[in-house]
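Worksheet for the structure shown next.
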Amino acid sequence: MIMEKLHKAGVKSEHAYMAGLASIGLSIVSWMVSVKAEAAGVERADRWGIFVGEWAPTFFCMGLALSQYERDDNPVYANDPRVTATTT
């Protein structure tokens, strides 16, 4: 349902994939900034890097889900009688 709403809002799978790649880069940048700017040490920088780095798999999964809606033969609702009943 969420992916369907995102698809209808114009979000493409490429957007989610790019967000995943950006979060990987942001993870590296946040680690580097935390090491240099904070006196908390490498442990805190590692936590920042891991926290931001965990966003990437979520965005990649969203990209895969959105790509299903972009297909011509959308398998998500192909055999759903509720959808075929409302479209006929």
Side-chain angles (χ1 to χ4, degrees):
M1 182 165 86
I2 293 172
M3 290 302 123
E4 182 180 10
K5 287 185 180 189
L6 286 173
H7 176 69
K8 287 180 179 178
V11 178
K12 304 271 187 208
S13 61
E14 290 85 13
H15 300 143
Y17 294 140
M18 292 304 294
L21 289 172
S23 75
I24 292 170
L26 185 60
S27 173
I28 295 166
V29 169
S30 68
W31 182 86
M32 290 174 17
V33 168
S34 182
V35 164
K36 298 206 185 291
E38 295 182 325
V42 176
E43 293 83 16
R44 177 138 175 174
D46 287 346
R47 285 192 287 273
W48 271 112
I50 291 170
F51 172 71
V52 177
E54 288 179 349
W55 300 346
T58 303
F59 287 125
F60 289 132
C61 288
M62 288 174 61
L64 287 172
L66 287 167
S67 71
Q68 294 298 311
Y69 284 97
E70 294 168 4
R71 292 177 51 181
D72 291 334
D73 61 335
N74 184 344
V76 177
Y77 293 113
N79 297 319
D80 191 342
R82 297 172 297 177
V83 174
T84 54
T86 59
T87 57
T88 56

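Across Trp55 and Leu26, no two heavy atoms sit closer than the pair CZ3-CD2, 3.9 Å. Taking both residues in full, the closest heavy atoms of Ser27 and Val52 are given as N-CG1, 3.7 Å, listed atom of the first, atom of the second, then distance. Summarising the geometry of Gly53 relative to Pro57, their closest heavy-atom pair is O-CD, 3.6 Å, with the distance given to 0.1 Å. Closest non-hydrogen pair, Glu70 versus His7, comes out as CG-CE1, 4.1 Å. The heavy-atom pair separating Ser13 from Ser67 by the smallest distance is CB-N, 3.8 Å.
Cluster annotation: Trp31 is not connected to Val33 through the hydrophobic network of ILVMFWY side chains, with a link wherever side-chain heavy atoms come within less than 4.5 Å. Under a hydrophobic-cluster definition in which Ile, Leu, Val, Met, Phe, Trp and Tyr are linked whenever side-chain heavy atoms come within less than 4.5 Å, directly or via other members, Tyr69 and Phe59 are assigned to the same cluster. A continuous path of Ile, Leu, Val, Met, Phe, Trp and Tyr side chains, each step under 4.5 Å between heavy atoms, connects Met18 with Leu64, placing both in one hydrophobic cluster. If you chain together hydrophobic residues whose side chains sit under 4.5 Å apart, Ile24 and Phe51 never meet in one group.
One finds the OG atom of Ser23 at 10.0 Å from the CD1 atom of Ile28 (value rounded to the nearest 0.5 Å).
Here the side chains of Leu6 and Met3 are in contact, with some heavy-atom distance below 4.5 Å.
Listed by chain and residue number, Glu4 satisfy the salt bridge (Lys or Arg N to Asp or Glu O under 4.0 Å) test with Lys8 (two or more places apart in sequence, or in another chain).
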